[in-house]
Amino acid sequence: MERTLAIIKPDAVARGKIGEIIRRFEKAGLRISALKMVHLDKRQAEEFYHVHRARPFFDSLTTFMASGPVAVLVLEGETAISTLRAIMGATDPARASPGTIRRDLGTSIEQNTVHGSDSPESAAFEVPYFFQGPETFDYVRVDRHKGGDGPSS
Ligand code: GDP
C-alpha cells in the first residue's frame, strides 16, 4: 500500500470545489486515511515547498498557498502516488488532459487546484509534515453500494 499527500489549494477551496475534488479522489478508488483544513502561513508554505526555493515562481507560489485555507488529505491505495498524479493532470491546466481535475477546475499554472506528492520520497516528507500517527486511519473500504460513486459501481 502506498500513501500520498493531496492538497486542495486555496483557489479550489474559495470556489467551493472541495466536494467535487474529494469525489474524484474516491471515484478513483483512493481511500481517505486522513483529512483536515489548515491555513498555512508564508513560512510554512516555504518550508513545505522548499524543493522549489530556487525556482522563479517560489515567492508567488508560497504567497498563493498562504492566501487562504487549504484542505489536506492522506490518500491510500496500491499505486496511490501515480493514481493521484494521473487524475490531477499536468501542472498547467491548459496542457492537462480532458477529464483531469486541473483541466476541469484549474485556472492558471499556479492556481491549479490540487497538489499531489510526486514520488515516494516526497510523500515520506509531505505526509508527516501535516499528519501525526493518530490522525491517520486504517479501515477497509467496501465498494458494494450500487449506483454510487465507487469504482465498482
Ligand atoms: P506539480 O508537481 O505538478 O504540482 O508541479 P511543480 O512541482 O513543478 O510545481 C509546484 C507548483 O508550483 C505547481 O503545482 C504550481 O502551483 C506552481 N507552479 C509550477 N510552475 C509554475 C510556473 O511556471 N509559474 C507559477 N507562477 N507557478 C508555477
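This one's a predicted model, so the numbers in the text were calculated from it and none came from an experiment. Each ligand, and each atom within it, is numbered from 1 in the order the structure gives.
Note that CD of E126 is 7.0 Å distant from CG of D118, once rounded to the nearest 0.5 Å.
For the pair K36 and F131, the cation-pi criterion (under 6.0 Å, within 45° of the ring axis) is fulfilled.
Legend: ring-ring contact (aromatic ring centres under 6.0 Å, His included) pairs involving residues 67-116, not counting sequence neighbours, sorted by first then second residue: F48-H115, Y49-H115. For residues 19-40, no pair satisfies ring-ring contact (aromatic ring centres under 6.0 Å, His included), with sequence neighbours left out.
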Contacts under 3.5 angstrom, residues 86-97 side chains, donor-acceptor by atom type, not counting sequence neighbours:
unit_1: D92; atom_1: OD1; unit_2: A94; atom_2: N; d: 3.1

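Ion pair K42/D59 flagged as a salt bridge, since at least one NZ, NE, NH1 or NH2 atom sits closer than 4.0 Å to an Asp/Glu carboxylate oxygen.
Closer than 4.0 angstrom to ligand 1 sit non-hydrogen atoms from K9, H52, R55, F57, L61, R85, T91, R102, I109, E110, N112.
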